[in-house]
Amino acid sequence: ASEKSFHFICQRWEEEKYEDGIKWKFLEHKGPYFPPEYQPLPDNVKFFYDGKAVKLSLAAEEVALFFAQMLDHEYTTKEVFRNNFLKDWRKEMTLEERMLITDLNKCDFGELHAMHKQKVEARKNLSKEEKQINKEANQKILEEFGYCMLDHHRERIGNFKIEPPGLFRGRGDHPKQGMLKKRIQPEDVIINCSRNSHIPEPPTGHKWKEVRHDNTVTWLASWTENVQGSCKYVMLNANSKLKGEKDWEKYEVARKLKSCVDAIRSQYQEDLKSKQMGTRQRAVALYFIDKLALRAGNEKEEGETADTVGCCSLRVEHITLHDALDGETCVVEFDFLGKDCIRYYNKVPVSKRVFKNLKLFMENKQEGDDLFDRLNTNMLNKHLTSLMPGLTAKVFRTYNASITLQQQLKGLTSDNVAEKLLSYNRANRAVAVLCNHQRAPPKTFEQSMASLQAKIESRKEQLELAKKELKLAKKEAKGSSDSKLLTVQRCEEQLLKMEVQATDREENKQIALSTSKLNYLDPRISVAWCKNMEVPLDKVYNKTLRDKFAWAIDMTEPDFVF
DNA sequence: CACGTCACTTAGGATTCGTATC
DNA sequence: GATACGAATCCTAAGTGACGTG
């Protein structure tokens, strides 16, 4: 089936397929939605410098408020954040203000901070009716700006709102944290749409930077963001035909890898012995990417972002070699920050050959030197594409994630839906661990665990009581024990459900399941599993996921094999 | 091949929503 | 009806990888 086209398999999505690189024939939309203008502070809310009230210019005041709003956040205590902020804030000041305000420590944002908190509070305390009015207003904005016509379909746009100005919050030790992210004007925005469509109107008194008609790309609007100088795009929602089709293709490529992964593995095992150092490095990198699901690791511009790495950009300080450790030999200890500054820590026994190679790669190198000095992601991907069309480093993550889920789900049996779901979540969790999808433990974690435990205890007591009553009822009069039996059964069922839930939650404390579900696991595996196990799909996929994976829900038969 | 640009996917945290419980 | 909580959704940063240029 994998050779047949997406459209062929999935009737509902049937549509003409465009020639190379053409993404649409018709595109019409209303342009992005801009955030509201800045509202100046009321006169009674004052900013103080060095103990004296200072009336700031509008531009400086707006930026001051960005900082004041974040005062409860740890960010604002960080040296880098504060320095970047002050530097950018001063750029927004008048000459006079700039002369006066030179030291952030002399700034008192207390009143601005209090006002902000008050506003948040007030919003929370709005009456039901007022909240309803707000909701309807948002609905109207969504209705007007949140959809586009792409060919013959009305499609939901993913991010139709222009990002509001604020202070840049990078992840981890980001050298640019605290910098001012400027307000985007229509004059900064490029519109992309059909020549023969109704061209979106810029807000009154404004012009677009450019209107273009490029149907080889999928974005509807774009602008350049000032902090990193990168481009931001307005694109379609994940439930759109265009995105769904791309997603399907991604999983089909991963399935193709399944059929040639054995050959590729033997090849890189061979390459470990190559006379060429570059080939050996490529082989070891590929081994890591395959076995540990590491990301490719593109080079990054130094000083522009936090110091994170992937496979090809690993440096010697990120691994430690142990001839023997915890009863195993040839152990590689990984410790580095990956995407989003999430720590990757793992101790992995490897083959002698891999181990010897790593020792060789590290010879005569010092901290800061690349582990794979003869390799980059471009070379690696060139090689992979030559082994299989469409194969790149990231395909291994998709493939290994999906195949792991499928294997873990195989042979699971239980007649209880709660237990089936626990098994599913455990399979999902194995994938999340493989891909290192972590999360901060929820703030209320301990508390919520405790309250669940308490519920379990009280239910246990209730069960005991019910059992006793049942016994008594049986003794006294055989006919009237039915309802008591029912109570016992219901109690037992609820207790089991809660215990399973507690286990699930505990195991999930620092692991994020959503990322793999959303991006790595072929949805057809889950859909088929639900059908086979008679588990309602909405126990596994929420509304958003069901929308995104509509194509899979449509086309998947119970006998689907990844 | 080095390098920069561009388009698009992947990611965790923040915010909002909906509902169970008091 | 208020509150508290987990789930869902929003937000936007941070990756990957293709491609063009010199």
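Computation of the quantities below employed the complete heavy-atom set of this structure, encompassing side-chain atoms and omitting hydrogens, waters and symmetry-equivalent molecules. If you're wondering where the values come from, they're calculated on a predicted model, not measured in any experiment. Chain naming here is simple, since letters A, B, ... match the order of the sequence lines and numbering starts at 1 in each.
When the P atom of B:dT19 is taken as reference, atom CG of A:N542 falls 14 Å away, rounded to whole Å. Regarding A:F160, its CZ atom lies at a distance of 12 Å from the P atom of C:dT12, rounded to whole Å. For A:K161 and C:dT12, the NZ to C1' distance is 14 Å, given to the nearest whole Å. Rounded to whole angstrom, the span from the CG atom of A:N125 across to the P atom of B:dT16 amounts to 14 Å. Note: CE (A:M235) to P (C:dT12) measures 16 Å, nearest angstrom. Atom pair A:L220:CG and B:dC8:P shows a separation of 11 Å (rounding to whole Å applied). Regarding A:F66, its CZ atom lies at a distance of 12 Å from the P atom of C:dT12, rounded to whole Å. Rounded to whole angstrom, the span from the CG atom of A:L167 across to the P atom of C:dA13 amounts to 12 Å.
Under the 4.5 Å side-chain criterion, counting only non-hydrogen atoms from C-beta, A:C530 is not in contact with A:Y424. Considering only heavy atoms from C-beta on, A:N381 stays 4.5 Å or farther from A:H383 through its side chain.
A:K176 comes within 4.0 angstrom of no nucleic acid atom, judged by non-hydrogen atoms across all strands. Contacts of A:T218 with the nucleic acid, taken as non-hydrogen atoms under 4.0 Å apart, involve only primed sugar atoms and P, OP1 or OP2.
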Which atom pairs link the protein and nucleotides 4-6 of chain C when you take only N or O atoms and keep those under 3.5 Å?
| residue | atom | partner | partner atom | Å |
| --- | --- | --- | --- | --- |
| C:dC5 | OP1 | A:Q447 | NE2 | 3.0 |
| C:dG6 | OP1 | A:S448 | OG | 2.8 |
| C:dG6 | OP2 | A:T444 | OG1 | 3.1 |

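The residue among A:D247 and A:C231 whose nearest nucleotide of DNA chain B lies closer to the 5′ end is A:C231.
Proximity of A:R439 to the phosphate of B:dA14: no side-chain N or O atom is located under 4.0 Å from OP1 or OP2. Contact annotation: A:K382 side-chain N/O to B:dC1 OP1/OP2 distance is not under 4.0 Å. Put simply, A:H73 has a side-chain N or O that comes within less than 4.0 Å of OP1 or OP2 on B:dA14. In this model, the phosphate group of C:dA13 is approached by a side-chain N or O of A:K232 to a distance below 4.0 Å at OP1 or OP2.
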Using a cut-off of 4.0 Å between protein heavy atoms and nucleotide atoms, how would you tag nucleotides 14-22 of chain C 5' to 3' with B, S and -?
BSBBS----
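In summary, the side chains of A:Y75 and A:R169 do not present any donor paired with an acceptor at a separation below 3.5 Å, with no hydrogens or angles considered. For the 3.5 Å distance criterion, the side chains of A:T216 and A:K23 fail to qualify, holding no donor opposite an acceptor. For the residue pair A:Y268/A:D290, the side-chain donor-acceptor check at 3.5 Å is satisfied. Side chains of A:T224 and A:D188: a donor-acceptor N/O pair is absent below 3.5 angstrom, by distance only.
For A:H174 and A:F168, the distance between ring centers is under 6.0 angstrom.
With salt bridges taken as basic N to acidic carboxylate O contacts below 4.0 Å, none links A:K246 and A:E249.
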Trace of the ring pair (Phe, Tyr, Trp, His ring centres under 6.0 Å) decision for A:F334 with A:F288:
CA-CA 11 Å; A:F334 291 83; A:F288 286 167; 5.0 Å; yes
Report the C-alpha separation of A:H437 and A:Y520 in whole Å, then their side-chain angles, then the decisive distance to 0.1 Å, and conclude whether the ring pair (Phe, Tyr, Trp, His ring centres under 6.0 Å) test is met.
CA-CA 11 Å; A:H437 292 144; A:Y520 289 104; 5.5 Å; yes
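Of the candidates B:dA2, B:dT9, C:dT12, the closest approach to any side-chain atom of A:P164 belongs to C:dT12.
For CD of A:E304, the number of neighbouring non-hydrogen atoms (other residues, nucleotides, ligands) closer than 6.0 Å is greater than 12. With a 6.0 Å radius and a threshold of 12 heavy atoms from other residues, nucleotides or ligands, A:E144 has its CD atom above the threshold.
If you check residues 126-145 of chain A against DNA chain C, you find no residue with a heavy atom closer than 4.0 Å. Listed in residue order, the members of residues 513-523 of chain A having a heavy atom less than 4.0 Å from DNA chain B are A:T515, A:N519, A:Y520.
Between A:F109 and A:F85, the ring planes are perpendicular. Angles over 60° get that label, and only those under 30° would be called parallel.
With sequence neighbours excluded, the residues satisfying side chain to side chain contact (heavy atoms under 4.5 Å, CB included) with A:C312 are A:L375, A:T377, A:L380. For A:R171, the side chain to side chain donor-acceptor pair (under 3.5 Å) partners at least two apart in sequence or on another chain are A:D340.
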